Amino acid sequence: MIELVFLALLNRLINWGLAPLIVTRTVAADAGTLQHFLSEPANQLRLMRRVPRDLEVHVKPRAKGRVVCVEILRGRRTAMWATWILSAGRGTTEVDLILQFESRGLATRLALVLGGRRRLARRVDDALARLGQICARAAEDVVPTPAPDCSRRTRGTRARVDARRQASRTS
């Protein structure tokens, strides 16, 4: 029993600061449209409020259409990975955003433990809120298709139909 507790504590000490950050939100958009929107690197940067100058975004293609994997580079070095998982519903899509830091160094882990994780969680939640606003505006701006013009095809009353039949029979 003591060995199990020791192994659990050892695992916790070795892996502190390495857990990914996971944020979930439901968005009013089609999953396919959302996947297409998130596949554009410019849209990824648009979701962030303040973008550092040396930040680059590369979208990695995936075989499944519901997963968008993004590599975020700072300079020439990979800083973190962002994975978008899209689960389609009825008119909405549940968006799961998972952030994982590439660096496993002591400085990165310490920065995450000392408040960097909470700050990052607020920024990610803000980005998902912005995505929800973009999708809501796009849904509101959809122009409905006009109804077909049926003014020529009016149906006559029963008396008119009978009168036409009678006129055609007598002629």
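Keep in mind that this is a model prediction, so the values were computed, not measured.
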>> Please determine whether the number of non-hydrogen atoms from other residues, nucleotides or ligands lying under 6.0 Å from atom CZ of R119 exceeds 12.
In response: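 No, not enclosed.
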Should [X] and [Y] be regarded as members of a common hydrophobic cluster, given that ILVMFWY residues are connected when their side-chain heavy atoms come within less than 4.5 Å of each other, either directly or indirectly?
X	Y	answer
V27	V67	no
M48	L120	yes
V95	V23	yes
M80	I22	no
I98	V70	no

>> Restricting to non-hydrogen atoms, name the atom on F37 and the atom on L131 that form the minimum distance, rounded to 0.1 Å.
In response: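 Of all heavy-atom pairs spanning F37 and L131, the closest is CE2-CD1, 3.6 Å.
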>> I need the minimum non-hydrogen distance between V57 and P41, along with the two atoms involved.
In response: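 Here V57 and P41 meet closest at O-CB, 3.8 Å.
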>> Walk me through whether E40 and V59 qualify under side-chain contact (heavy atoms from CB on, under 4.5 Å).
In response: CA-CA 7 Å; E40 294 293 324; V59 178; over 6 Å; no
>> My understanding is that only residues two or more places apart in sequence, or in another chain, count here; which of them pass side-chain contact (heavy atoms from CB on, under 4.5 Å) with E56?
In response: H58, L73
> In Å and rounded to the nearest 0.5 Å, what is the CG to OG1 distance from D96 to T83?
Replying inline: 10.5 Å
> When rounded to the nearest 0.5 angstrom, what distance separates CD in E94 from OG1 in T26?
Replying inline: 5.0 Å
> Does D126 come within less than 4.0 Å of R130, counting only side-chain N to carboxylate O?
Replying inline: yes
> Quick one: which of D125, V124, T93 gives a side-chain contact (heavy atoms from CB on, under 4.5 Å) with R25?
Replying inline: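 So, applying the side-chain contact (heavy atoms from CB on, under 4.5 Å) to R25 and each of D125, V124, T93, only D125 qualifies.
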> Passes side-chain contact (heavy atoms from CB on, under 4.5 Å), I134 versus L47? Steps please.
Replying inline: CA-CA 9 Å; I134 290 169; L47 292 175; 4.0 Å; yes
>> Set out, in order, the CA-CA distance, both residues' side-chain angles and the distance that settles side-chain contact (heavy atoms from CB on, under 4.5 Å) for L86 and L38, then state yes or no.
In response: CA-CA 10 Å; L86 310 172; L38 292 172; 4.1 Å; yes
